[in-house]
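Here the structure comes first, spelled out in structure tokens, and everything after it is commentary.
No hydrogens, no waters, no symmetry mates; every other heavy atom, side chains included, goes into these values. Note that ligands are numbered from 1 as they come in the structure, with each ligand's atoms numbered from 1 the same way.
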Amino acid sequence: MAKISINLGTGDVQKETNVIIGIDLGTTNSLVAYIKDGSATAVKDENGKHALVPSVLYFDKEGGILVGDLAKEKLVSDPERTIYSVKRLLGKQFGDLKEKQQFFSYKIIDDDQAAMVKVKVADKFYSPVQLSAEILKALKHRIEKELNANVSKAVITVPAYFNDAQRQATRDAGKLAGLEVLRIVNEPTAAALAYGIGRDQSEEEIIAVYDLGGGTFDISILQIQNGIFEVLATNGDTFLGGDDFDQLIIEHWKLTNPALSKLEGQAGLRLAAEEAKKHLSFEEKYSGQIEGLNLSLDRTTFETLLQPLVQKTIDSCKSALKDAALSSDKISRVVVVGGSTRIPFVKKSIGEFFKKKVYDELNPDEVVALGASIQADILAGNQKDILLLDVTPLSLGIETVGGLMDGIIPRNSKVPTKAGRQYTTSVDGQKNLKVSVFQGERDLVKDNRKLGEFILQNIPPMPAGLPKIEITFILDADGILIVKAKELRSNTEQTIEIRSQYGLSEEEMAKMLIDSMQNAEADMKVRSLLEARNESNNIILSTDKFLKQHDQILSTEEKEKTKEFLDKLKKVTAADNKDAINLAMEQLNEYTAPLAHRAMDVTIAKAMKGEEIGNIDKGV
Ligand code: ADP
Ligand code: MG
């Protein structure tokens with residue numbers, strides 16, 4: 001659907017589209033994609049040839065800026081005014097880059113170590129955010145021409161290891177380019193989405209995404225569960241990629257033809273090396289010329305040169321698996337990303353290491369953008385009829401004894417997210433446990449909103465406190481909450497799905513938040529009373545049990561004294577003074593602690609003699 005707007009300045013009629021675009025803002029190349037006639041499509045240049053826009057900027061003397069192929073050409077003719085690899089600077093302070101300065105041929109400003117990095121071109125300073133915004137503008141422009149309409153919303157991808165500052169800088173660059181960035185997505189996640197991995201909510205698997213681009217190498221191990229992508233481990237090398245392969249070729253050429261040394265450092269030689277490399281991905285032999293000098297290379301020689309660097313990437317894969325505590329047979333699929341994975345030797349090495357055929361049907365340098373456009377389309381509501389949110393607006397939790405709210409996913413958590421906690425029973429032989437799910441910030445569930453409840457049944461009879469019941473909340477990107485309860489000793493399990501959590505209007509949500517703030521103090525008081533009562537009830541139960549079980553090893557006086565403390569605790573627990581309850585608990589504990597120790601010694605001694613151990617669990 002398109003909206004028409006009129007530019008009051010020019011009188012032009014401009015169409016607005018609500019297409020949300022997907023952008024891969026890469027170190028070497030960037031591109032934009034969208035869903036065209038139902039399938040993810042990367043947008044090509046005016047001639048319909050290339051989808052990749054080199055992430056290179058050229059600043060001409062008149063203050064104009066070129067982005068992409070035209071700027072890349074200037075690396076040869078006017079390197080001083082040409083900027084590349086801006087992504088390496090995003091969200092960085094100069095101190096972060098000190099050791100890597102020689103990598104950049106342009107000037108990085110270093111007057112203040114703690115300040116954010118700036119780049120100097122001629123007499124002007126630019127921040128990496130501004131520079132990235134220029135690349136994004138070029139992409140925006142490209143798709144606006146294709147659609148003949150304005151676009152204003154985007155999903156942008158970043159490496160899985162990007163920290164908050166780098167992600168925020170990416171968002172800011174989007175904003176500066178006139179794009180509302182609806183979501184920042186991890187590159188490996190986008191690549192998986194492009195292959196349709198993780199779309200089926202019932203799927204559970206672990207995949208590896210191997211991304212070898214122009215200047216960086218990343219390996220990510222992702223766990224996919226209920227449509228949530230969790231990064232289990234990342235590894236890689238931020239200074240290893242296709243550029244290094246080009247350099248190897250140059251070194252090799254110089255060795256075989258010393259006359260080439262005079263071209264050392266020239267971008268022309270670099271481009272020739274890159275051309276040779278690309279050629280060898282499809283042909284066995286390359287031959288070319290530069291300034292009258294012959295250049296040639298065959299695939300076998302190239303592979304010999306490449307071997308040590310490829311081995312480095314495989315070593316990173318090993319480390320990533322080790323960090324994730326996985327063996328390679330636990331990986332169900334391997335997706336390859338990045339232009340450099342077009343090299344047959346690279347692909348073969350990955351396949352051999354993971355012992356799997358790699359996913360390479362899509363263009364490896366487009367796959368991230370394609371995935372971003374799919375994520376964008378989901379956000380646009382075209383793929384599922386569900387509202388999407390970035391964060392959960394209110395806390396989600398369950399009711400615990402005494403009507404207390406126990407928050408499991410705090411408010412403002414990024415979605416998708418997953419969190420869990422262990423609980424136990426409070427009564428001996430308890431067979432069922434009711435799990436009531438609530439949303440809100442108040443300490444008492446009665447003041448929050450109930451989302452649903454279910455009963456975990458058939459817990460095998462065990463003394464109170466012994467069952468281990470794990471409650472897991474899984475909130476997916478679409479705002480659907482799945483609650484699982486599992487008794488870990490017996491593997492009894494129960495799950496519900498709750499869809500209504502965003503049924504609250506903005507107003508209701510605001511009211512709930514205000515209520516929680518205004519009542520914070522009163523809530524606190526009630527909460528601490530109820531907590532004291534819960535704890536006391538548990539102690540009463542376990543002390544009763546203790547008296548019964550160890551009747552024989554306790555003296556009459558010990559039993560009577562214990563009962564006395566116990567009765568006092570029972571009495572104050574029925575009243576409303578939390579301090580009195582806490583005091584009575586302390587007194588009882590103090591008196592019974594040595595008795596419990598003695599009981600334990602006796603039990604252990606019996607066990608050593610081969611007699612059965614009774615239950616000495618106090619129950620929590
Ligand atoms: P990035 O993610 O770092 O922005 P890309 O994924 O676009 O980069 O990868 C760029 C790299 O891929 C460059 O080093 C380029 O030379 C290399 N590349 C592109 N096509 C081929 C090919 N056919 N064979 C070998 N390398 C290639
Ligand atoms: Mg990339």
- Among Arg142, His141, Lys140, side chain to side chain donor-acceptor pair (under 3.5 Å) partner for Glu144: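 Running side chain to side chain donor-acceptor pair (under 3.5 Å) over Arg142, His141, Lys140 with Glu144 returns exactly one hit, Lys140.
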Among protein heavy atoms, which sits nearest to [atom], and what does the distance come to when rounded to 0.1 Å?
atom	value
atom 7 (O) of ligand 1	Asn29 ND2, 2.8 Å
atom 2 (O) of ligand 1	Gly213 CA, 4.2 Å
atom 9 (O) of ligand 1	Gly339 N, 3.3 Å
atom 24 (N) of ligand 1	Ser281 OG, 2.7 Å

- Message: Between the side chains of Lys312 and Asp315, is the shortest nitrogen-to-carboxylate-oxygen separation below 4.0 Å, so that they form an ion pair?
- Response: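 No, no charged N to carboxylate O under 4.0 Å.
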- Task: Output yes when Asp60 and Lys74 qualify as a salt bridge under the 4.0 Å nitrogen-oxygen rule, no when they do not.
- Result: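 Salt bridge flag = no for Lys74 with Asp60.
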- Message: Do Gln247 and Glu251 pair up side chain to side chain, a donor and an acceptor below 3.5 Å, judged on atom types alone?
- Response: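 Yes, because at least one side-chain N or O of Gln247 sits under 3.5 Å from a partner of the opposite role on Glu251.
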- Message: Can you confirm whether the side chains of Tyr126 and Glu134 place a donor and an acceptor under 3.5 Å from each other?
- Response: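 On atom types as modelled, these side chains do not qualify, holding no pair under 3.5 Å.
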Within a distance under 4.0 Å of any heavy atom of [X], pick out the atoms of ligand 1 and give their elements.
X	value
Thr28	1 (P), 3 (O), 4 (O), 8 (O)
Gly26	4 (O)
Gly338	6 (O)
Gly242	14 (O)

- Query: Relative to atom 14 (O) of ligand 1, which among Lys277, Lys278, Arg342, Glu274 owns the nearest non-hydrogen atom?
  - Reply: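 Nearest heavy atom to atom 14 (O) of ligand 1 lies in Lys277.
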- Message: Looking at non-hydrogen atoms alone, which of Pro54, Ser30, Gly214 comes nearest to atom 10 (C) of ligand 1?
- Response: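 Comparing heavy atoms across Pro54, Ser30, Gly214, the nearest one to atom 10 (C) of ligand 1 lies in Gly214.
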- Task: Report yes or no: does a heavy atom of Gly241 sit under 4.0 Å from some atom of ligand 1?
- Result: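 It does not, in that no heavy atom of Gly241 comes within the 4.0 Å cut-off of ligand 1.
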- Message: Against ligand 1, does Phe282 come closer than 4.0 Å with any heavy atom?
- Response: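 In this structure, Phe282 qualifies as a contact of ligand 1 - some heavy atom is under 4.0 Å.
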- Evaluation steps, side-chain contact (heavy atoms from CB on, under 4.5 Å), between Tyr58 and Leu70: CA-CA 8 Å; Tyr58 174 70; Leu70 293 175; over 6 Å; no
- Examine Asp211 against ligand 1 and note whether any of their N/O atoms are separated by less than 3.5 Å.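 Between Asp211 and ligand 1 (N or O atoms, distance only) the closest approach is not under 3.5 Å.
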- Query: Crowded around Glu46 CD? As in, over 12 foreign heavy atoms under 6.0 Å?
  - Reply: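 It does not: Glu46 CD has 12 such atoms or fewer within range.
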- Under 4.5 Å between any side-chain heavy atoms of Phe229 and Val231, yes or no?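 Sidechains of Val231 and Phe229: no contact.
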- Message: Between Leu362 and Tyr195, does the side-chain contact (heavy atoms from CB on, under 4.5 Å) criterion hold? Intermediate values first, please.
- Response: CA-CA 8 Å; Leu362 298 172; Tyr195 279 103; 3.6 Å; yes
- Message: Please classify the Ser340 to ligand 1 contact at 4.0 Å (heavy-atom distances, strictly less than): side chain, backbone, both or neither.
- Response: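 For Ser340, the contact with ligand 1 is made by both the backbone and the side chain.
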